[in-house]
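Everything on this sheet refers to the single structure shown next.
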Amino acid sequence: MPELPEVETVVRGLQTTIVGETIQDIEIPWSKALQPDSAYDSLIGKTIHGVSRRAKFINIELDRGSLVVHLRMTGKLSRLYPEKYVTVILHFQSGNSLFFQDMRKFGRMVYTEDKQEFFAHLGPEPLSDDFSVSLFQDMLKEKNRMIKPLLLDQTFLAGLGNIYVDEALFQAGVHPESFAKLIPKKQSGKLHQAIRHILSESIRAQGTTVVNFSHGENQSGTYQAALQVYGRRGEPCQDCETPIEKIKLGQRGTHFCPRCQKTYR
DNA sequence: CGGCCATCCTGCACGC
DNA sequence: TGCGTGCAGGATGGCC
């Protein structure tokens, strides 16, 4: 499951490989993966001028407009033919190609001429300078919602996924069912720090790569071992040895230590 | 506004 | 062995 750090790693790779390429042709084995329907015509002949990241979106900038990619659960971009689960192939004039592989077919490539508009609904970038402790504390203060689903809401804060939210809440000692506006300043400060720490550390680890969809199976990153609650139901908490619990919250599997994480309600 | 549900997809774990 | 069932999950959209 690619989270923000994995996406960042992919983007850095693409910056050194596909910038300057011109799209000559596109194959679309899974038609839903490339949107809108007119995207094919819009993309032919376009040259890639840069690659950047916004939240978990990969923004491939063209001479006009952008090709925005979201990998969702199982999407991967690769320069080599992956054989299985290929949904879109960009063929470049150079003879090189870029393959979009996605077993679960949730991932999307979207052509947009107005990326500002496309990203307009997203909340702040958790790693940006703008995202200060005081801003975060102000944002929490006005939200009468449980903290876990709130942190997953991309319009509130853009880029956190299920795994890192559980980890950040554990590190901050905040129970996922706490109400945002009731979290004391000290704890929301810790939470802010935990979010940024986890994200930047796993970017440093070359994109975490938490747990594969097959559960517990390592892919490539080194951050897996650093996970303290996610996927550890029943295992002793590393701080107090109380078994880690798993509940469903906002339709998401949610892991936490019932002793170390305090509920504010 | 907030919470809940269904939807999209597929592979895998589990129970019988 | 093989089958059926349920689960996982990012984001969106609909409903109450």
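Predicted, not measured: the structure shown is a model, and the values here were computed from it. Numbers restart at 1 for each chain; the letters A, B, ... are given by sequence-line order, proteins then strands.
When the side chains of ILVMFWY residues are joined at heavy-atom separations under 4.5 Å, either directly or via intervening members, A:Phe170 and A:Leu151 end up in two distinct hydrophobic clusters.
The shortest distance between the side-chain N/O atoms of A:Lys56 and the OP1/OP2 oxygens of C:dA11 is below 4.0 Å. For the OP1/OP2 pair of C:dG10 and a distance below 4.0 Å, the side-chain nitrogens and oxygens of A:Tyr164 include no atom meeting the criterion. Contact check, A:His121 against C:dA11: no side-chain N or O comes under 4.0 Å of OP1 or OP2. Taking only side-chain nitrogens and oxygens, A:His70 comes nearer than 4.0 Å to OP1 or OP2 of C:dA11. A:Asn162 has a side-chain polar atom (N or O) that falls below the 4.0 Å cut-off from OP1 or OP2 of C:dG9.
Atom CG in A:Leu151 sits about 13 Å away from atom P in B:dG3, given to the nearest Å. The NZ-C1' distance, from A:Lys143 to B:dC1, rounds to 8 Å in whole Å. C:dG9 atom C1' lies 11 Å from atom NZ of A:Lys246, rounded to whole Å. With rounding to whole Å, A:Arg145 atom CZ is found 11 Å from B:dC4 atom P. In this structure, the CG atom of A:Leu160 is 11 Å from the P atom of C:dG10, given to the nearest Å. Atoms CG (A:Leu122) and C1' (C:dT12) sit 13 Å apart, rounded to a whole Å. Rounded to a whole Å, the CG atom of A:Leu140 is 16 Å from the C1' atom of B:dG2. A straight line from CG of A:Leu4 to P of C:dA11 spans 10 Å, rounded to a whole angstrom.
Remark: aromatic rings of A:His192 and A:Phe131 are close, center separation under 6.0 Å.
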(request) Could you go through the salt bridge (charged side-chain N to carboxylate O under 4.0 Å, His left out) check for A:Lys105 and A:Asp102 one step at a time? (result) CA-CA 5 Å; A:Lys105 300 176 175 174; A:Asp102 189 4; over 6 Å; no
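Side-chain atoms of A:Tyr164 and A:Leu4, non-hydrogen and from C-beta on, never get closer than 4.5 Å to each other. Residues A:Gln228 and A:Gln171 are in side-chain contact: their nearest non-hydrogen atoms beyond the backbone lie under 4.5 Å apart.
Side-chain contact of A:Thr112 with A:Asp114: a donor-acceptor pair under 3.5 Å is absent, judged by distance alone.
Checked against salt bridge (Lys or Arg N to Asp or Glu O under 4.0 Å), A:Glu113 has the following partners two or more places apart in sequence or in another chain: A:Arg64. Partners of A:Glu245 by salt bridge (Lys or Arg N to Asp or Glu O under 4.0 Å), not counting sequence neighbours: none found. A:Asp166 is linked by a salt bridge (Lys or Arg N to Asp or Glu O under 4.0 Å) to A:Lys148, counting only residues two or more places apart in sequence or in another chain.
End-to-end axis angle for the helix from B:dG2-C:dC16 to B:dC16-C:dG2, using five pairs per end and rounding to 10°, comes out at 50°.
Heavy-atom nearest nucleotides on DNA chain B were determined for A:Lys84 and for A:Glu142, and the one closer to the 5' end corresponds to A:Glu142.
Other members of the cluster containing A:Phe118 are A:Phe57, A:Val68, A:Val110, A:Phe119, A:Leu122, with ILVMFWY side chains joined at under 4.5 Å, either directly or via other members.
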(message) Using a 4.0 Å heavy-atom cut-off to protein, can you give one letter per nucleotide of nucleotides 5-10 of chain B, 5' to 3': B if the base is in contact, S if only the sugar-phosphate is, - if neither?
(response) BB-BBB
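A:Lys248 comes within 4.0 angstrom of the backbone, heavy atoms only, and of no base.
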